[in-house]
Peer 1: 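Got a structure for you, written out below as structure tokens; questions coming shortly.
The sequence lines fix the lettering, A, B, ..., with proteins before strands; numbering per chain opens at 1. Just so it is clear, the model here is predicted, and its values are computed rather than measured.
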There are 2 protein chains.
Amino acid sequence: MVQYIAPLDLSFAALSDPTRRGVLEQLGRSDASITDLAERFHMTLTGMKKHVSVLEAAGLVVTKKVGRVRTCRLGRRKMAEEAAWIEQYQQLWTARFEALDEIVEELKQRELNNEPDPK
Amino acid sequence: MVQYIAPLDLSFAALSDPTRRGVLEQLGRSDASITDLAERFHMTLTGMKKHVSVLEAAGLVVTKKVGRVRTCRLGRRKMAEEAAWIEQYQQLWTARFEALDEIVEELKQRELNNEPDPK
DNA sequence: TATATACTGAACTAAATGGTTCAGTATATA
DNA sequence: TATATACTGAACCATTTAGTTCAGTATATA
């Protein structure tokens with residue numbers, strides 16, 4: 001089976017790590033080098049480089065090396081797909097729980113009328 | 001270091017797998033047993049049980065066993081935190097790119113006025 | 001030119017993931 | 001009571017992840 005990796009797989013996986021969420025927030029305030037980020041998150045350069053690579057693979061970060069410094073910036077992806085997926089889920093969720101609420105409401109009414117619970 | 005696992009870690013990790021996203025969508029339409037889900041996603045019972053456990057740990061699904069059947073339903077979490085995180089990120093993102101746009105705009109103006117590029 | 005800085009790649013590690021099979025247990029059904 | 005169904009747990013497996021160290025390379029700086 002040729003495994004097509006959905007962008008959602010990569011971005012949600014990228015977001016599942018607190019260090020990477022922190023890096024995104026940081027880059028939202030200002031661009032940063034690998035060294036900057038490694039220091040801020042108490043990690044080796046190599047370790048931070050890997051996190052940045054994961055974010056880059058997900059399209060959330062872009063980097064450019066000038067001289068010896070690699071500068072990291074936010075990528076072009078505004079996470080629109082991710083937001084859309086969650087919003088669609090929330091619609092399903094709401095519909096589902098409204099359906100449940102109706103049932104609960106019906107049971108309450110039966111109880112008030114002293115009708116038997118229909119097993 | 002006592003590792004506090006943020007709810008976002010668990011839910012984003014849960015969402016990073018297409019099978020689990022599919023299960024959530026399915027449960028948005030109707031409750032289902034482990035067997036139902038295993039069949040729909042072409043997987044062993046044991047395999048599906050693990051996915052459901054991951055979703056349950058993230059609070060996205062609840063299950064209840066009646067007789068021999070374990071029924072899975074959507075959990076109470078509407079992924080509000082997840083949506084909020086992404087929305088906050090999108091605000092940062094927009095601000096960041098508007099800042100960049102201003103710089104580009106300024107450069108354009110200079111070009112029009114034939115001013116030198118200030119190094 | 002010598003030294004310090006910034007990164008990179010390979011190799012290693014421990015743990016987690018996503019699946020499987022196999023051998024149960026508990027519950028329904030004929 | 002015998003059989004089929006639904007799940008469960010343990011064990012295994014290959015791969016990925018999240019980090020490390022170590023040994024480089026390339027670039028600045030004194």
Peer 1: When both hydrogen-bonding distances must be under 3.5 Å and the geometry is Watson-Crick or G-U wobble, what is D:dG19 paired with, if anything?
Peer 2: C:dC12
Peer 1: Send over the distance from A:Ile34 CD1 to C:dT5 P, rounded to a whole Å.
Peer 2: 18 Å
Peer 1: Taking only side-chain nitrogens and oxygens of B:Lys50, does any of them come within less than 4.0 Å of OP1 or OP2 of C:dT20?
Peer 2: no
Peer 1: Look at the side-chain heavy atoms of Ile, Leu, Val, Met, Phe, Trp and Tyr, link any pair under 4.5 Å apart, and say whether A:Phe41 and A:Leu74 land in one connected group.
Peer 2: yes
Peer 1: Rounding to a whole Å, what distance do you find between B:Leu55:CG and C:dT17:P?
Peer 2: 13 Å
Peer 1: Looking at A:Arg70, I'd like to know whether one of its side-chain N or O atoms comes within less than 4.0 Å of OP1 or OP2 on C:dA6.
Peer 2: no
Peer 1: For DNA chain D, what residues of residues 36-49 of chain B have any heavy atom nearer than 4.0 Å?
Peer 2: B:Leu45, B:Thr46, B:Lys49
Peer 1: D:dT8, OP1 or OP2 - any side-chain N/O from B:Arg68 closer than 4.0 Å?
Peer 2: no
Peer 1: Can you check the B:Asp17 CG to C:dA16 C1' distance for me, whole Å?
Peer 2: 14 Å
Peer 1: Could you please name the partner base of C:dA26, counting Watson-Crick and G-U wobble pairs only when both distances are under 3.5 Å?
Peer 2: D:dT5
Peer 1: Taking atom P of C:dT17 as reference, at what distance in whole Å does atom CZ of A:Phe12 sit?
Peer 2: 17 Å
Peer 1: Got a second to check how far B:Trp93's CH2 is from B:Glu87's CD, nearest 0.5 Å?
Peer 2: 15.0 Å
Peer 1: Can you name the one residue among B:Arg70, B:Lys49, B:Arg73 that meets side-chain hydrogen bond (donor to acceptor under 3.5 Å, both in side chains) with B:Thr63?
Peer 2: B:Arg70
Peer 1: Please round to the nearest 0.5 Å and tell me the distance separating atom CD of A:Glu82 and atom CD1 of A:Ile86.
Peer 2: 8.5 Å
Peer 1: Rounded off to whole Å, could you give me the CG-to-C1' distance for the A:Asp9 and C:dT17 pair?
Peer 2: 13 Å
Peer 1: Is the closest side-chain heavy-atom distance between B:Asp36 and B:Ser33 below 4.5 Å?
Peer 2: yes
Peer 1: Could you check whether the rings of A:Trp85 and A:Phe12 sit parallel, tilted or perpendicular, using 30° and 60° as the cut-offs?
Peer 2: perpendicular
Peer 1: So that I can tick it off, tell me whether B:Asp9 and A:Arg20 are bridged by a salt bridge, with the cut-off set at under 4.0 angstrom between side-chain N and carboxylate O.
Peer 2: no
Peer 1: In whole angstrom, give the distance that lies between atom NZ of B:Lys65 and atom P of D:dT5.
Peer 2: 16 Å
Peer 1: Would you say D:dG19 has OP1 or OP2 under 4.0 Å from some side-chain N or O of A:His51?
Peer 2: yes
